[in-house]
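Remember, predicted model here, so these are calculated numbers, not experimental data. Letters go in sequence order (proteins before strands), and every chain restarts at 1.
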There are 2 protein chains.
Amino acid sequence: MSIEHIQSALEVFREFLKERDLKVTRQREILVRRIMEREEHFSAETLEDRVKGDGISKATIYRTLQLLCECGLVEEVALDDDRRMYEHVYGHDPHDHIVCVDCRKVFEFDGKPVLELQTRSTNNLGFTPVSHRMRIEARCDLLRETGACDRKEIKLI
Amino acid sequence: MSIEHIQSALEVFREFLKERDLKVTRQREILVRRIMEREEHFSAETLEDRVKGDGISKATIYRTLQLLCECGLVEEVALDDDRRMYEHVYGHDPHDHIVCVDCRKVFEFDGKPVLELQTRSTNNLGFTPVSHRMRIEARCDLLRETGACDRKEIKLI
DNA sequence: GTGGCTGCAAAGGATTTGCACTAAC
DNA sequence: GTTAGTGCAAATCCTTTGCAGCCAC
């Protein structure tokens, strides 16, 4: 993500904090930068690695992640059943994830069909849709054979 | 679930155990019965409640749940982010879940469209589909207004 | 100066594990 | 009799929390 985009994400977060009478701290700014500068899924632990040397405690990381989710810059993703995983969604198109059961790599695919399905399923039943969480488990064997690998591919952890 | 269905689920489990040279124990049989006799999502903890008085330890519950998932009688469902939730899928049509963000009730909806989407998305990208996990969050306000509530509705926990 | 924020360490809660004993087969 | 299963308690792992001092505003 470009420096300008990171700046504007930071601006969004500052605005959010101001609205709630919360403070813009050194730690919060560093965390936003470190999150935005990489297109990579992360956990509290891997985020801790990214800010190693910046003197930010684990507790602050967890607390800031909550704020970033409420603010909408970050979302929790259903990649792992043992720990919470996150991604920043600032300027991203909606998408969902495929996890390869063999190599554990994570792939993103177009989320519009899922969103349509979400709208249809809920409306038909008398709900107002809010959000969804989805993960497809699959094998990437065919993918590797054909080598037709032009989509976004992200290695988990 | 009728007594005959429970019996046949038990038979499936016994067969699975035999294939792996594992033993059919009192605890395992009781757990299968208690799970099958209710159409209700459950966690290790609520299952512990269901077998209260049968003298089955927490450790055995966790260990048996793993076996039942491998065996295919039970599946983990993405209902809660804080604990593992399960349902038995023996003789059930494929379905996914809507959780109301207000009242936390859980509703099931037809899973065929999601399965089709799973097949399409993975095949297009060169994967072999395995499974998926999905939860839609929504508000059941409209549903309550219209009272058109003829679908399966399950209260969580 | 006030009120929120941070770091630390301790607490919490779900799940797993080591081990001696018990029970299927 | 052999091998796996069980119960118990301890351990593990992720996440949250209490609190005293610190820093943004």
Side-chain angles (χ1 to χ4, degrees), chain A residues 10-11 13-34 41-71 74-86 156-157, chain B residues 10-11 13-34 41-71 74-86 156-157:
Chain A
L10 254 175
E11 214 42 68
F13 192 42
R14 291 201 192 102
E15 204 54 45
F16 168 84
L17 293 172
K18 184 171 292 179
E19 274 168 24
R20 294 209 187 183
D21 287 312
L22 302 177
K23 289 168 178 169
V24 178
T25 65
R26 184 184 66 85
Q27 291 85 339
R28 286 175 181 168
E29 296 226 324
I30 292 176
L31 284 167
V32 173
R33 285 181 206 281
R34 290 282 188 286
H41 301 112
F42 61 94
S43 62
E45 194 189 358
T46 59
L47 180 55
E48 194 181 15
D49 288 341
R50 288 198 209 172
V51 298
K52 192 147 282 178
D54 293 312
I56 302 182
S57 73
K58 197 168 293 215
T60 294
I61 289 173
Y62 278 104
R63 288 187 278 229
T64 304
L65 278 173
Q66 285 178 3
L67 286 174
L68 286 166
C69 286
E70 288 170 36
C71 160
V74 167
E75 275 180 18
E76 205 180 321
V77 284
L79 296 183
D80 190 315
D81 293 330
D82 294 327
R83 80 207 68 241
R84 293 183 204 280
M85 297 295 298
Y86 303 88
L156 176 60
I157 298 174
Chain B
L10 255 174
E11 213 44 67
F13 192 42
R14 291 201 192 100
E15 204 55 44
F16 167 85
L17 292 172
K18 183 171 293 177
E19 274 168 24
R20 295 210 185 181
D21 288 309
L22 301 177
K23 288 167 183 171
V24 178
T25 65
R26 183 184 66 84
Q27 290 86 336
R28 287 174 180 168
E29 297 226 323
I30 292 176
L31 284 167
V32 173
R33 284 181 205 282
R34 290 282 188 285
H41 301 112
F42 61 94
S43 62
E45 193 188 359
T46 60
L47 180 55
E48 194 180 17
D49 288 341
R50 288 197 208 173
V51 297
K52 192 145 282 180
D54 293 313
I56 302 181
S57 73
K58 197 168 294 218
T60 295
I61 290 174
Y62 279 103
R63 288 186 279 230
T64 305
L65 278 172
Q66 285 178 1
L67 287 174
L68 286 166
C69 286
E70 288 170 36
C71 161
V74 167
E75 276 181 17
E76 205 180 323
V77 283
L79 297 184
D80 191 315
D81 294 330
D82 294 327
R83 79 208 68 239
R84 291 184 206 279
M85 297 294 299
Y86 303 87
L156 174 60
I157 299 175

For nucleotides 10-14 of chain D, give me every protein contact, N/O to N/O, under 3.5 Å, one pair per line with atom names.
unit_1	atom_1	unit_2	atom_2	d
D:dC14	OP1	A:Arg83	NH1	2.6

Any chance you could measure [X], atom [atom1], to [Y], atom [atom2], to the nearest 0.5 Å?
X	Y	atom1	atom2	result
A:Asp54	A:Thr60	CG	OG1	12.5 Å
A:Leu10	A:Glu29	CG	CD	5.0 Å
A:Ser43	A:Arg84	OG	CZ	12.0 Å
B:Glu45	B:Ile61	CD	CD1	10.0 Å
A:Ile56	A:Thr64	CD1	OG1	7.5 Å

Go through the N and O atoms of the side chain of B:Arg63 and the base of D:dG7, and report whether any donor-acceptor pair is under 3.5 Å.
yes
Taking atom [atom2] of [N] as reference, at what distance in whole Å does atom [atom1] of [X] sit?
X	N	atom1	atom2	result
B:Arg14	D:dA4	CZ	C1'	18 Å
A:Ile56	C:dG7	CD1	P	7 Å
B:Ile61	D:dG5	CD1	P	17 Å
B:Glu19	C:dC25	CD	C1'	17 Å

So A:Arg14 and A:Arg28, do their side chains get closer than 4.5 Å, heavy atoms only?
no
Do B:His41 and B:Leu79 touch side chain to side chain, with heavy atoms closer than 4.5 Å?
yes
Based on the rotation axes of five pairs at each end, what angle does the helix from C:dG1-D:dC25 to C:dC25-D:dG1 bend through, to 10°?
40°
Is the side chain of B:Arg34 donor-acceptor paired with the backbone N or O of B:Arg50 at a distance under 3.5 Å, no angle test?
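Yes.
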Any side-chain to backbone donor/acceptor pair from B:Asp80 onto B:Asp82? Under 3.5 Å, distance only.
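Yes; at least one donor-acceptor contact below 3.5 Å.
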Given side-chain contact (heavy atoms from CB on, under 4.5 Å), test B:Asp49 with B:Phe42 step by step and report yes or no.
CA-CA 10 Å; B:Asp49 288 341; B:Phe42 61 94; over 6 Å; no
Taking only side-chain N and O atoms of A:Gln66, does any of them lie within less than 4.0 angstrom of OP1 or OP2 on D:dT16?
yes
Along DNA chain C (nearest heavy atom to each residue), the more 5'-positioned of A:Ser57 and A:Asp21
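Looking at DNA chain C, the more 5' nearest nucleotide goes with A:Asp21.
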Hey, does B:Glu48 reach any base, or is it just sugar-phosphate, or nothing, if we go heavy atoms under 4.0 Å?
nothing
Would you jot down, in residue-number order, the residues of residues 22-30 of chain A having a non-hydrogen atom under 4.0 Å from DNA chain C?
A:Leu22, A:Lys23, A:Thr25, A:Gln27, A:Arg28
Do you know which of B:Leu65, B:Thr46, B:Val77, B:Leu68 makes side chain to side chain contact (heavy atoms under 4.5 Å, CB included) with B:Tyr86?
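Looking at B:Leu65, B:Thr46, B:Val77, B:Leu68, the match for B:Tyr86 under the side chain to side chain contact (heavy atoms under 4.5 Å, CB included) is B:Leu65.
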Any idea which of C:dT17, C:dG7, D:dT6 is nearest the B:Thr60 side chain?
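Selected nucleotide: D:dT6.
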